[in-house]
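Take a look at this one; I'll ask things after.
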Amino acid sequence: GNVVVQHDEL
Amino acid sequence: MNIFRFLGDLSHLASIFILLHKIQTTRSCRGISFRTQALYVVVFIARYLDLFFRYVSLYNSAMKLFFIASSCYILYLMKIRYRPTHDPSIDTFRVEYLLAPCLILALIFNYKFNFAEVLWSFSIWLEAVAILPQLFMLQRTGEAENITTHYLAALGAYRALYIPNWIYRYFTEGLVDPIAVTAGIVQTGLYLDFFYVYFTKVLQGQKFELPA
């Protein structure tokens with residue numbers, strides 16, 4: 001699958 | 001959120017409070033690289049512009065606002081309030097040599113080729129190397145006040161603690177962020193020499209001094 005990075009970190 | 005990331009964030013917060021405490025109590029920014037602090041402002045503004053279009057949590061937004069505000073405040077303290085205590089002649093690392101490669105890395109490695117994502121990637125790479133002017137300055141002077149070394153230790157521990165966080169997230173959520181992980185390992189690696197001296201000297205009650 002695709003890399004889904006949520007950017008939920010600081 | 002897991003314990004490693006939370007402790008990492010606390011360590012990051014602590015580093016800023018230690019730095020503010022150092023500047024306020026000694027009424028001086030001696031030993032602190034203005035260039036590194038300016039790079040952090042760039043890092044935080046570039047990465048946290050997503051405050052305008054992405055909501056994660058109250059914790060996340062509050063921390064982002066704090067990091068932007070505190071980094072700008074530190075620049076104000078260094079450039080205006082305690083300006084005479086800053087010695088630019090030892091803070092000479094050429095930041096162009098960091099900014100340009102980080103921009104190139106961001107253009108090559110990003111999760112989507114758009115402005116926000118390239119900017120995010122740029123901020124991640126820049127954060128990894130933003131400490132170099134400070135470490136370079138430390139190398140030149142060969143010594144540091146204890147409080148400055150505590151600041152650096154807390155700042156270094158922050159990204160180091162993100163590494164077990166990423167391992168944990170891989171196993172619990174199947175989540176991998178290759179850009180953040182690579183840059184985070186580089187960032188932590190840059191502190192290894194410093195950590196060695198910090199653990200073997202400062203924490204044993206000696207002064208931070210580099211071998212000549």
Side-chain angles (χ1 to χ4, degrees), chain A, chain B residues 1-2 4-13 16 40 43-44 46-51 53-57 59-68 109-112 116-117 119-121 123-124 127 158-159 161-163 165-166 168-170 173-181 183-184:
Chain A
N2 288 327
V3 181
V4 181
V5 176
Q6 303 161 332
H7 294 321
D8 59 353
E9 297 183 342
L10 291 163
Chain B
M1 177 62 72
N2 59 62
F4 305 110
R5 181 145 54 111
F6 184 60
L7 287 178
D9 290 344
L10 284 189
S11 185
H12 195 186
L13 272 186
I16 290 166
Y40 283 130
V43 165
F44 293 141
R47 192 175 318 157
Y48 299 157
L49 271 183
D50 71 357
L51 274 167
F53 57 86
R54 182 186 290 121
Y55 180 78
V56 177
S57 63
Y59 169 85
N60 186 276
S61 299
M63 292 291 252
K64 285 174 174 172
L65 287 172
F66 176 81
F67 289 127
I68 292 173
F109 302 103
N110 53 67
Y111 295 125
K112 217 176 179 189
E117 287 294 322
L119 204 62
W120 178 87
S121 176
S123 82
I124 290 284
E127 184 190 333
Y158 139 66
R159 219 51 176 175
L161 283 161
Y162 264 63
I163 296 172
N165 153 66
W166 291 318
Y168 183 87
R169 293 194 81 177
Y170 171 73
E173 301 167 54
L175 208 117
V176 189
D177 185 335
I179 295 174
V181 170

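To find a chain, count down the sequence lines: A is the first, B the second, and so on, and within it residues start at 1.
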Among E127(B), K64(B), E117(B), which residue forms the greatest number of heavy-atom pairs with chain A at distances under 4.5 Å?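 Result: the option with the highest number of such pairs is E117(B).
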Any heavy-atom pair between the side chains of N60(B) and H7(A) that's under 4.5 Å?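 H7(A) vs N60(B): side chains apart.
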Top contributor to chain A contacts, counting heavy-atom pairs under 4.5 Å, from H12(B), M1(B), R54(B):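 Winner by heavy-atom pair count: R54(B).
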What pair of heavy atoms forms the shortest contact from Y59(B) to L10(A), and how long is it?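 Smallest heavy-atom distance, with atoms named: CE2-CD1, 4.3 Å.
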Quick one: what part of Y55(B) sits under 4.5 Å from any heavy atom of chain A, side chain, backbone, both or neither?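 Neither part.
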Flag yes if more than 12 heavy atoms outside Y168(B) fall under 6.0 Å of its OH atom; otherwise flag no.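 Check fails, neighbour count at 12 or below.
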Please find the pair of heavy atoms, one from E9(A) and one from N165(B), that lie closest to each other, and give the distance.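 Minimum heavy-atom separation between E9(A) and N165(B): OE2-ND2, 3.1 Å.
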Listed by chain and number, what are the side chain to side chain donor-acceptor pair (under 3.5 Å) partners of Y170(B), not counting sequence neighbours?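 With sequence neighbours excluded, Y170(B) shows a side chain to side chain donor-acceptor pair (under 3.5 Å) to no residue whatsoever.
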Sort Y162(B) into side chain, backbone, both or neither according to what part of it lies under 4.5 angstrom from a heavy atom of chain A.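 Side chain of Y162(B) only, per the 4.5 Å heavy-atom cut-off to chain A.
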Once rounded to the nearest 0.5 Å, what's the spacing between atom CZ of R5(B) and atom CG of D8(A)?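 If I round to the nearest 0.5 Å, the distance is 5.5 Å.
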Go through the steps for Q6(A) and D177(B) under the test side chain to side chain donor-acceptor pair (under 3.5 Å), then give the verdict. CA-CA 9 Å; Q6(A) 303 161 332; D177(B) 185 335; over 6 Å; no
Mind checking what makes salt bridge (charged side-chain N to carboxylate O under 4.0 Å, His left out) contact with D9(B), not counting sequence neighbours?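 D9(B) satisfies salt bridge (charged side-chain N to carboxylate O under 4.0 Å, His left out) with no other residue.
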